[in-house]
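Below is one structure; the comments refer to it alone.
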Amino acid sequence: MEKLYALLEEIRPDVDFRNTTTLVTDGFIDSFDIVTIIASIEAEFSVEIPVENMLPENFESAEAMMNIINGAGK
């Protein structure tokens with residue numbers, strides 16, 4: 001999880017990824033950020049996130065993103 005936090009904080013150092021669970025809903029990150037996050041996650045974790053998982057609700061929190069990473073690795 002720390003690896004994911006570090007990656008997210010590098011992309012958007014102004015966002016509290018550790019404590020926010022409404023990243024998309026409250027406008028902390030936008031669609032451009034999500035595209036950047038997906039590319040970074042795929043490169044860093046050597047996974048491919050399926051298109052059907054590229055939904056805003058899967059990027060509401062770092063925990064939700066970690067669930068996507070764990071699911072994509074299977």
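For this chain, numbers begin at 1 and follow the sequence in order.
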Treating Ile, Leu, Val, Met, Phe, Trp and Tyr as nodes and any side-chain heavy-atom pair under 4.5 angstrom as an edge, say whether [X] and [Y] lie in one connected cluster.
X     : Y     : answer
Val15 : Ile37 : yes
Val47 : Tyr5  : yes
Val35 : Met54 : no

Please tell me if the side chains of [X] and [Y] come closer than 4.5 Å, counting only heavy atoms from C-beta onward.
X     : Y     : answer
Leu23 : Phe59 : no
Ile29 : Phe17 : yes
Glu2  : Arg18 : yes
Leu8  : Met65 : yes
Glu10 : Leu7  : no
Ile41 : Leu4  : yes

### Query
With a cut-off of 6.0 Å (strictly less than), are more than 12 heavy atoms of other residues, nucleotides or ligands near CD of Glu52?
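Yes, the 6.0 Å shell around CD holds more than 12 heavy atoms from other groups.
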### Approximate separation, where rounding is to 0.5 Å, of Met66 CE and Met1 CE
6.5 Å
### Task
With sequence neighbours excluded, tell me which residues meet side-chain hydrogen bond (donor to acceptor under 3.5 Å, both in side chains) with Asp33.
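Only Arg12 meet the side-chain hydrogen bond (donor to acceptor under 3.5 Å, both in side chains) criterion with Asp33.
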### Task
Among residues two or more places apart or on two chains, list those pairs meeting salt bridge (charged side-chain N to carboxylate O under 4.0 Å, His left out) that have a residue in residues 54-72.
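Residue pairs with at least one partner in residues 54-72: there are none.
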### Query
Of Thr25, Asp26, Thr20, which is the lone residue that meets side chain to side chain donor-acceptor pair (under 3.5 Å) with Thr22?
Asp26
#### Entry: Evaluation steps, side chain to side chain donor-acceptor pair (under 3.5 Å), between Asn19 and Asp16
CA-CA 6 Å; Asn19 298 305; Asp16 182 5; 3.0 Å; yes
### Query
So, Asn58 side chain and Asn53 main chain: donor-acceptor pair closer than 3.5 Å or not?
yes
